[in-house]
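Just so you know, these numbers use all the heavy atoms, side chains as well, and skip hydrogens, waters and symmetry mates. Every chain is numbered from 1, with letters handed out A, B, ... down the list of sequences.
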2 protein chains.
Amino acid sequence: MKDRLVEIAVQEFGRHGFDAVGTRAIAEAAGSAMSAITYHFGGKQGLYLAVAEHIASSMRDKLHPTLATIPDPVNCSPREAEDWCVHLVQVFAAVMLRPESEAWSLFIVREQQQPTDAFKIILEKGMAAIVEPFMALVSVARPELSEEAARLTALFVLGQALMLRTGRATMLHILQTTEITPRLVELIELRLEDNVRRILQRPDVQP
Amino acid sequence: MKDRLVEIAVQEFGRHGFDAVGTRAIAEAAGSAMSAITYHFGGKQGLYLAVAEHIASSMRDKLHPTLATIPDPVNCSPREAEDWCVHLVQVFAAVMLRPESEAWSLFIVREQQQPTDAFKIILEKGMAAIVEPFMALVSVARPELSEEAARLTALFVLGQALMLRTGRATMLHILQTTEITPRLVELIELRLEDNVRRILQRPDVQP
DNA sequence: GTCTATACTACGATAGAC
DNA sequence: GTCTATCGTAGTATAGAC
């Protein structure tokens, strides 16, 4: 029952936020009484933190197969680092586009705006796994950048893919569509690859 | 009093979201009784929509001086269009960085995730004013792109600056700082300009 | 046009039965 | 380990006083 409550809570908290959902609704959806939450998690806040832990470990599980294939950045040529960055951004974009990840990403985006204790959990246990290798690769691809500039560049590159969630409503309106078709996904991947390659190529090797 | 209620509500709804703030708290902060909200706006929902209208018109006011200086995109050379895009992105980024705009941007970001009627108002009355000229400029700078590809590219370019809000907590953590110093702002502007120029230069004119 | 009174509903937490 | 019952608090909405 404990696990079932967390599963439901991921969806509810993710989609609607902490304040918008009641413990009674979660408990009912899980087929249990509200006081089960008090028993297992000590209260609403405790359940919320359990959701953060769940999301962080899910993130790791989902991204692990991809991250395991990345070679050590110090052994990469700038061109290889660029290729891996393109790949990582596309994997990240795919996560942003997948409907199953909606609850996760909304949870995380909400926490970015008003970080609670839950954000620390997500950041340290989940997010670091993708952001840190990515920054190392950017540094290799653009060795002329300072450490700080490389970090900012990495954030901006990832920001493009993040917008697939954070700007979703505007994107759909501007593209005059209501759903993400496979054709659109292809176009998105193409544009992202073009942008990422342009950003990561060193000035002296641009064609 | 009506205006005062809206001003307070912009801050409260922006920072904490619809469900997290109560009408009593807003009314008290405005130095009024809760029922004034019922009277003026018909209820909490009505006040929320009034906030959306307020934000949309504030956006237009804030961006109008900049937007008025943009020449008609059809009279621009690709290089001029690129320059204007850089400028627009930096203005947009400045808005994202300015603390005063925190409540606005959080309101909008939250609406992107779970659009309500308020989003329609913001989109049509506020957002279109900046996004549409920007897309036109991108089309001029990259004439080889299809209409759809240009729109996506414009969104991704703006997504980088959007991340200054949506990824704020992660950014600060990665840069190991807690505040946006003037030096950091300068570095951000520099990186954004570099990225935008790289994305918008046509393949045949890259140095 | 604005505020006070009050009614009604729902929340989270807790204690105690099973 | 799970549920029922209940408490105190806080939310919106309404009616009516000023």
Given D:dG1, is OP1 or OP2 found less than 4.0 Å from the side-chain N or O atoms of A:H40?
no
Across all strands shown, which nucleotide pairs with D:dT14 by Watson-Crick or G-U wobble geometry, both distances under 3.5 Å?
none
How are the rings of A:F18 and A:F13 set to each other: parallel, tilted or perpendicular (split at 30° and 60°)?
parallel
Under 4.5 Å between any side-chain heavy atoms of A:M163 and B:M163, yes or no?
no
Kindly indicate whether the side chain of A:T166, heavy atoms from C-beta on, has any atom under 4.5 Å from the side chain of B:Q112.
no
Just confirming the chi classification of D:dA13, syn or anti, using 90° around 0 as the syn window.
anti
Any donor-acceptor pair, under 3.5 Å, between the side chain of B:S35 and the base of C:dT2, if you only look at N and O atoms?
no
Answer whether the closest heavy-atom distance between the side chains of B:F107 and B:V10 falls below 4.5 Å.
no
At under 4.0 Å between heavy atoms, what does A:A33 touch on the DNA or RNA strands: base, sugar-phosphate, or nothing?
base
Out of C:dG12, D:dA13, D:dT2, minimum distance to the side chain of B:T38 belongs to D:dA13
According to a strict under-4.0 Å criterion, is A:T23 in side-chain N/O contact with OP1 or OP2 of C:dG12?
yes
For atom OH of B:Y39 and atom P of C:dG1, their distance in whole Å
4 Å
Assign A:V21 to base, sugar-phosphate, or nothing according to its heavy-atom contacts below 4.0 angstrom with the strands shown.
sugar-phosphate
Using a heavy-atom cut-off of under 4.0 Å over every strand shown, decide if A:M34 touches base, sugar-phosphate, or nothing.
base
